[in-house]
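So the structure is just underneath, and the comments pick up after that.
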Amino acid sequence: MESRKLNSVDEFNEYRAKILNSHKGDYPVIYVCGGTPCLAKGSRAVAEAFRKEIEAQGLECRVELSLKITGCQGFCSKGPVVSFGDDIVYMEVKPKHVPEIIEKTVKRGEIIEALGYKDPATGKKAATFDGIPFYSHQKQLILGDLRKLDPFEIDDYIARGGYASLDRAFSMDPDAIIDTIEASGLRGRGGGGFPAGRKWRSCRNIETETRYVLCNGDEGDPGAFMDRSIMEGNPHAVIEGMIIGARAVGAHKGYAYIRDEYPLAVEAMKKAVVDATALGILGKNILGSGFDFEVKITRGGGAFVCGESSALMRSVEGKVGEPRAKYIRSVEKGLYEQPTVLNNVETWANVPLIINNGVQWYRQTGTDGSPGTKVFSLAGKVENTGLVEVPMGITIRELVEDIGGGVLGGKRFKAVQTGGPSGGCIPQSKMDLPIDFDSLTDAGSMMGSGGIIVMDEETCMVDVAKYFISFLVEESCGKCAPCRDGLPRMLRILTDITEGKGKEGDIEVLEELCDVLSYGALCGLGTSAPNPVLSTIRYFRDEYEAHIRDKRCPGHVCKSFITYRIDADACTGCTLCAKQCPQKCISGEKKQTHVIDQDKCIKCNVCREVCKFDAVRVE
Amino acid sequence: MENIKIVIDGKEVEAIRDQSVLDVARENGIYIPALCYHPEVEASGGSCRVCLVEAHQNGRMRLVTSCNYPAREGLEIKTDTDLVRRIRKGVVELLLSRVPDSDVIRELATRDGIEDTRFFKDEGDNYRYKCIACSLCTLVCEEVVGVSAISMLNRGYEKEPGTPYHKASQACIGCGACAYACPTQAIAMTDEGALRKIWGREFSMVSCSVCGKPYIPEAQVDWIVKTTGKERSFFDKCPDHR
Ligand SMILES: Cc1cc2nc3c(=O)[nH]c(=O)nc-3n(C[C@H](O)[C@H](O)[C@H](O)COP(=O)(O)O)c2cc1C
Ligand code: SF4
Ligand code: FES
């Protein structure tokens with residue numbers, strides 16, 4: 001990157017032309033995934049091996065070869081992922097594969113099928129994006145660039161057309177920008193699905209000198225990493241969106257609030273701000289347009305509730321991140337009591353796409369009510385986990401079966417949990433439900449920020465509700481009575497049910513408490529906290545009843561209701577379980593059937609995990 | 001200030017735009033239970049949730065806390081519907097589980113037809129005396145008194161007011177405003193002779209030169225003299241004999 005301020009759109013275009021020129025057309029680029037899961041699986045060593053090999057072979061002199069560490073490439077369960085353009089993609093790459101990849105793929109353009117994805121059903125391998133269902137069923141408007149960008153190089157972003165939307169945005173009337181966003185139907189990706197255009201307009205319509213735009217990068221849902229991946233992999237897209245939003249509503253200062261546990265995202269966003277400022281894309285008189293806008297990076301307060309809009313704003317102000325008991329909307333009085341637009345990371349990243357490509361193009365994807373795509377983190381009992389981006393309106397079945405490759409280990413599907421800790425569970429009978437804001441809400445769950453957890457037949461739905469409520473008990477800020485005092489009581493009832501102490505009427509009392517929270521709590525944490533309980537009662541009432549009436553856990557999960565037994569036919573007497581049992585309560589001679597002493601067994605599941613012959617049964 | 005009209009329980013009443021609905025109701029003799037709100041404390045309200053009412057506006061109905069809901073033209077409030085009673089009853093039952101010994105909460109419970117809570121009570125190690133953790137005391141100390149000697153400690157279920165680390169606070173002036181404001185009388189303050197005890201600290205009191213009654217902590221006099229520049233001699237006599 002050159003360090004000079006670009007004073008006009010023309011200078012910006014010249015700058016971009018220069019970058020493209022220096023690239024001198026097509027040359028092979030190796031994209032090694034630098035997302036956090038892949039880094040954990042050793043992608044840095046893979047990248048290093050490529051670097052060494054390229055140097056050792058002196059490849060620069062013949063082919064112009066460049067190597068980039070990119071943002072998340074999505075297929076986290078099969079990392080480290082290495083890809084070549086939009087074409088070839090390899091999984092679980094180790095440094096030892098590097099020489100072969102250089103020899104065949106880089107030099108001769110050959111595909112090494114063996115390094116591709118193995119279809120669990122057919123055993124067939126595929127090493128192209130088109131040939132792998134995990135990728136071919138996705139529509140990557142946001143994530144597509146993550147594979148190919150070096151997030152720490154602004155030139156890379158500009159070369160791919162980044163910041164080009166500013167030219168159009170600055171030549172448009174602010175109201176016209178808002179009209180465009182409104183017509184696009186863009187809805188907030190951080191939870192509620194509120195129409196972004198409408199929010200912006202309300203903010204613009206307030207007469208004042210000072211307005212703010214904020215980016216919500218708090219992402220508190222356990223297991224979710226959509227926003228982290230976008231900030232880490234394509235920070236400039238978020239900033240470009242914020243510049244357009246600021247220009248539309250008339251804000252000159254913005255804050256990106258980033259979860260404290262995301263150091264890499266903080267680093268990437270900070271670098272992006274510094275580089276954009278140096279080029280005059282942020283700061284005073286952006287690209288000679290006369291418009292000023294600066295962005296500050298703020299680190300999160302560490303609590304789940306800090307992602308809630310009023311708590312986030314207080315946290316940015318340096319106060320305790322607690323929701324505010326006010327009914328005045330933040331578009332009227334938000335940060336420092338000034339009109340404020342808060343949008344989620346992914347929402348902002350959608351904005352440049354809309355300005356660049358137009359409303360009609362944007363609306364080609366997704367549904368009428370929920371246009372565009374949504375990024376999900378797919379997790380749980382599914383073959384392929386990772387970051388996926390799909391058109392809104394895709395069915396749960398397509399997501400789980402086609403992209404996810406079906407339930408792990410061929411087990412039966414039971415439910416998907418969507419929407420984070422205060423989301424809900426959707427059962428098998430609703431597999432063909434389209435995934436969009438309204439369908440999920442109607443089904444008793446919500447989009448949330450995009451966590452999807454697949455659950456198989458060995459899941460207890462009462463236990464699931466208990467798990468999420470106990471998370472929320474810990475995260476309740478304690479400011480209002482229904483949430484602070486109601487959630488622990490709800491948890492106690494759920495715990496009693498899973499421990500065989502449930503009684504008739506418990507379900508109804510739970511429903512009553514849920515009502516008190518959804519109508520009576522102060523902030524969204526409390527009002528949406530009933531979802532895990534209500535949705536599991538709605539679709540799995542029989543499981544609650546089995547626990548309460550028959551003292552039985554249909555999923556064989558709740559310890560009070562299960563026993564571990566060793567199947568005499570399957571047991572080979574290998575003694576492994578007896579050695580591993582922490583209670584030392586498994587006995588038996590070598591090569592003879594082993595037996596568990598039920599009085600001492602604590603149902604820790606160790607025997608079942610270590611048994612190589614699948615001889616331990618749970619009943 | 002813009003004068004407007006709103007409707008409460010079918011009655012049209014005068015209000016100032018953005019005035020709290022609870023204040024409007026009180027001015028018109030309409031009872032809504034309320035604990036954590038004080039009209040003089042800007043940041044108060046919204047915590048106890050017993051002041052819930054139905055707000056009908058722009059064709060939508062929402063359950064809102066009347067203490068901090070702004071009066072706007074066209075607003076219609078219903079304070080005594082099935083929904084309001086049902087949800088408030090739930091909130092009060094939860095408060096009763098938290099502070100079963102509070103007479104104020106027990107009275108609210110009786111009004112709503114609750115004999116006892118069905119949920120576990122905060123007893124033993126979790127005993128909270130009468131405190132419903134509504135924060136009003138800390139807000140009074142910060143906003144009205146201006147010394148911020150107490151604040152809300154801990155988060156979530158364990159949230160409670162207190163001095164930093166529960167140590168005797170040097171900032172405290174012993175004025176007792178927090179104790180007077182507490183809706184459930186949960187703050188222990190005792191005056192014995194010329195000695196006041198509050199928040200684990202003792203304060204010696206200045207006595208009135210006329211009637212001899214100890215009436216204000218010395219530390220409070222120091223504070224007022226320091227912050228307002230008032231003459232110290234002003235405090236020789238109690239308000240009744242000035
Ligand atoms: C308890 C709670 C936690 C939240 N956490 C987040 C979060 O981590 N990220 C986020 O974008 N929105 C979060 N939200 C939603 C925000 O309050 C807000 O609606 C959103 O950031 C608005 O942006 P959007 O319209 O672009 O989605 C949370 C809401 C609640 C009630
Ligand atoms: S609903 Fe829960 S998190 Fe929200 S203000 Fe009330 S106690 Fe705090
Ligand atoms: S008085 Fe309104 S919430 Fe407490």
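In the text below, chain A, chain B and the rest are named by the order of the sequence lines, each starting its count at 1.
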Any heavy-atom pair between the side chains of B:Pro161 and B:Leu153 that's under 4.5 Å? no
My understanding is that only residues two or more places apart in sequence, or in another chain, count here; which of them pass salt bridge (charged side-chain N to carboxylate O under 4.0 Å, His left out) with B:Lys167? none
Region of A:Leu487 that comes under 4.5 Å of a non-hydrogen atom in chain B: neither
Which bit of B:Leu52 comes within less than 4.5 Å of chain A, counting heavy atoms only: side chain, backbone, both or neither? side chain
B:Val50 portion near chain A, given a 4.5 angstrom heavy-atom threshold: neither
Pairing residues for B:Val140 by the side-chain contact (heavy atoms from CB on, under 4.5 Å) criterion, not counting sequence neighbours: B:Val41, B:Leu136, B:Val144, B:Val145, B:Ala177, B:Ala181
Could you give me the CA-CA distance, side-chain angles and deciding distance for A:Leu494 and A:Leu510, then say whether side chain to side chain contact (heavy atoms under 4.5 Å, CB included) is met? CA-CA 8 Å; A:Leu494 290 165; A:Leu510 279 175; 3.8 Å; yes
Find the N and O donor-acceptor pairs between chain B and chain A that sit under 3.5 Å apart.
{"unit_1": "B:Ser47", "atom_1": "O", "unit_2": "A:Ala481", "atom_2": "N", "d": "3.1"}
{"unit_1": "B:Ser47", "atom_1": "OG", "unit_2": "A:Lys479", "atom_2": "O", "d": "2.7"}
{"unit_1": "B:Arg49", "atom_1": "NE", "unit_2": "A:Gly520", "atom_2": "O", "d": "2.7"}
{"unit_1": "B:Arg49", "atom_1": "NH2", "unit_2": "A:Ala521", "atom_2": "O", "d": "3.3"}
{"unit_1": "B:Thr65", "atom_1": "N", "unit_2": "A:Tyr327", "atom_2": "OH", "d": "2.8"}
{"unit_1": "B:Thr65", "atom_1": "OG1", "unit_2": "A:Tyr327", "atom_2": "OH", "d": "3.1"}
{"unit_1": "B:Asn68", "atom_1": "ND2", "unit_2": "A:Ala325", "atom_2": "O", "d": "2.6"}
{"unit_1": "B:Arg86", "atom_1": "NH1", "unit_2": "A:Asp515", "atom_2": "OD2", "d": "2.5"}
{"unit_1": "B:Arg86", "atom_1": "NH2", "unit_2": "A:Asp515", "atom_2": "OD2", "d": "3.3"}
{"unit_1": "B:Arg98", "atom_1": "NH1", "unit_2": "A:Asp485", "atom_2": "OD1", "d": "2.7"}
{"unit_1": "B:Arg118", "atom_1": "NH1", "unit_2": "A:Glu512", "atom_2": "OE1", "d": "3.3"}
{"unit_1": "B:Arg118", "atom_1": "NH1", "unit_2": "A:Glu512", "atom_2": "OE2", "d": "3.2"}
{"unit_1": "B:Arg118", "atom_1": "NH2", "unit_2": "A:Glu512", "atom_2": "OE1", "d": "2.7"}
{"unit_1": "B:Phe120", "atom_1": "O", "unit_2": "A:Arg489", "atom_2": "NE", "d": "3.0"}
{"unit_1": "B:Phe120", "atom_1": "O", "unit_2": "A:Arg489", "atom_2": "NH2", "d": "3.0"}
{"unit_1": "B:Asp122", "atom_1": "OD1", "unit_2": "A:Arg489", "atom_2": "NH2", "d": "2.9"}
{"unit_1": "B:Ile132", "atom_1": "O", "unit_2": "A:Arg484", "atom_2": "NH1", "d": "3.2"}
{"unit_1": "B:Ile132", "atom_1": "O", "unit_2": "A:Arg484", "atom_2": "NH2", "d": "3.0"}
{"unit_1": "B:Ala133", "atom_1": "O", "unit_2": "A:Arg484", "atom_2": "NH1", "d": "3.4"}
{"unit_1": "B:Arg155", "atom_1": "NH2", "unit_2": "A:Glu475", "atom_2": "O", "d": "3.0"}
{"unit_1": "B:Gly156", "atom_1": "N", "unit_2": "A:Ser476", "atom_2": "O", "d": "3.4"}
{"unit_1": "B:Gly156", "atom_1": "N", "unit_2": "A:Cys477", "atom_2": "O", "d": "2.9"}
{"unit_1": "B:Tyr157", "atom_1": "OH", "unit_2": "A:Arg489", "atom_2": "NH1", "d": "3.4"}
{"unit_1": "B:Tyr157", "atom_1": "OH", "unit_2": "A:Arg489", "atom_2": "NH2", "d": "3.3"}
{"unit_1": "B:Lys159", "atom_1": "NZ", "unit_2": "A:Glu322", "atom_2": "OE2", "d": "2.2"}
{"unit_1": "B:Lys159", "atom_1": "NZ", "unit_2": "A:Cys477", "atom_2": "O", "d": "3.1"}

Could you check which of B:Cys67, B:Ala43, B:Gly46, B:Cys36 has the highest count of heavy-atom pairs closer than 4.5 Å to chain A? B:Gly46
Under 4.5 Å to a heavy atom of chain B? For A:Ile328 that would be side chain
Applying side chain to side chain contact (heavy atoms under 4.5 Å, CB included) to A:Cys306 and A:Leu312, what does each step give before you reach the verdict? CA-CA 5 Å; A:Cys306 288; A:Leu312 181 147; 5.8 Å; no
Who passes side-chain contact (heavy atoms from CB on, under 4.5 Å) against B:Ala171, sequence neighbours left out? B:Ala149, B:Ser169
So do the side chains of A:Leu214 and A:Val341 get within less than 4.5 Å of each other, counting heavy atoms only? no
Just so I know, are the side chains of B:Val53 and B:Leu63 near enough to count as touching, which here means a heavy-atom distance under 4.5 Å? no
